[in-house]
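All remarks here apply to the structure that follows.
Position 1 is the first residue of the sequence; numbering continues from there. These values consider heavy atoms only, across backbone and side chains, with no hydrogens, waters or symmetry-generated copies. In listed order, ligands and their atoms are each counted from 1.
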Amino acid sequence: MTAGTRAALPFDLILFDLDGTLIETGPEIADAVNDTLRELQFAPVDEAQVTRWIGHGTRELLIQALAHRRGASAEAVRQSPDFAHIETRFGVHYGQRCGTRSRLYPHVRESLAALRAAGVRLAVVTNKEGAYTARVLAAHGLDDAFDRVISGDTLPVKKPNPLAVHDCQLRFAVAAARTLFVGDSAIDVATARAAGVPVWCVPYGYNAGHPVADSQPDRIIADFGALHPDALVALCRDTVQP
Ligand SMILES: O=C(O)COP(=O)(O)O
Ligand SMILES: [Mg+2]
């Protein structure tokens, strides 16, 4: 990378969603859900269904799966006396499944490394609970890849509340116009809009079964190749708006 590329970079801070953006986590989350359901003598749920529940946190996903199988409301599951125990069992299963069937999406590792080398601050903003986030990042050797990791239970509120974005902007002293949010869902677009920062989306992630284009992000990028510093500079040179 040349000094010119570094100077021409349009962003000083990039925030990344985790599930469906950096890492394909659906297969092993489905495995852990089904391990848990099996212990409870319930039939498994299919992976496509499980991925439609991703986005509000892994705990919420487990609640949805149990509600689905019990024919009960999410609230009834949340209040049920055995939920805490079931959640503990799920945690054990997810711990065992972590890193077995998840994978980084194309160009994630090299683009993150090149952005970091160019001096861009990088953060994860996910609704996944911190304990799971740490395990998944570690399983893929990404535990030191970010300057800040904000999970669903790091702050008092989660996405689409913009607090995590503001937290990172404040911490790294970066203005909204120099900040980019990269995600895969309507929740990510709503978060970025609430924070007043540009948002680009990948089309391959989890968005409750809907095309993320419906949420009208500022740009849809095919994959993380578009976030490599050289590509980023070329892309922004050719367009008026990010
Ligand atoms: O639902 C989750 O656990 C998290 O999803 P996210 O990383 O896309 O915010
Ligand atoms: Mg996501």
For [X] and [Y], does a side-chain donor sit closer than 3.5 Å to a side-chain acceptor?
X	Y	value
E28	S102	yes
H56	Q64	no
S185	D188	yes

*Apply the ring-ring contact (aromatic ring centres under 6.0 Å, His included) test between F11 and each candidate in F181, F16, W200; give the one that qualifies.*
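Among F181, F16, W200, the one that satisfies the ring-ring contact (aromatic ring centres under 6.0 Å, His included) with F11 is W200.
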
Contact check, [X] vs ligand 1, heavy-atom distance below 4.0 Å:
X	value
I54	yes
G57	yes
E129	no

*So which protein heavy atom does atom 7 (O) of ligand 1 come closest to, and at what separation?*
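Heavy-atom neighbour on the protein nearest atom 7 (O) of ligand 1: T126 OG1, 2.6 Å.
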
*Of all the non-hydrogen atoms in the protein, which one sits nearest to atom 1 (O) of ligand 1, and at what distance?*
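Its nearest protein heavy-atom neighbour is G55 N, 2.5 Å.
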
Proximal atoms of ligand 1 relative to [X] (non-hydrogen, under 4.0 Å):
X	value
L18	7 (O)
K128	2 (C), 3 (O), 4 (C)
D17	6 (P), 7 (O), 8 (O), 9 (O)
T58	3 (O)

*asked:* Using modelled atom types and a 3.5 Å cut-off, is there a donor and acceptor pairing between side-chain atoms of S111 and backbone atoms of F224?
replied: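 Confirmed, S111 side chain pairs with F224 backbone.
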
*Angle at the Mg ion (ligand 2) between O of D19 and OD2 of D17, to 10°?*
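Approximately 80° at the metal, rounded to tens of degrees.
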
*Hey, would you say the F83 and F90 ring centroids sit under 6.0 Å apart?*
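Not close enough - the centres of the two rings lie 6.0 Å or further apart.
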
_Quick check: Y94 with Y132 (ring centres under 6.0 Å apart)?_
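Aromatic pair counts; centres sit under 6.0 Å.
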
*asked:* Measuring only between side-chain heavy atoms, which start at C-beta, is L18 closer than 4.5 Å to V125?
replied: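 The answer is no; the side chains never approach within 4.5 Å.
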
*asked:* Is there a side-chain contact between K158 and I150 in this structure, where contact means two heavy atoms from C-beta onward sitting under 4.5 Å apart?
replied: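 Heavy-atom side-chain distance check fails, nothing below 4.5 Å.
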
*Have a look at T133, V125, D19, D184 and point out the one with the heavy atom closest to atom 5 (O) of ligand 1.*
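Comparing heavy atoms across T133, V125, D19, D184, the nearest one to atom 5 (O) of ligand 1 lies in D19.
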
*In D184, which N, O or S atom comes closest to the Mg ion (ligand 2)?*
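Minimum-distance N/O/S atom of D184 relative to the Mg ion (ligand 2) is OD1.
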
*Check whether any N, O or S atom of D188 sits under 2.8 Å from the Mg ion (ligand 2).*
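Checking D188: none of its N, O or S atoms is under 2.8 Å.
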
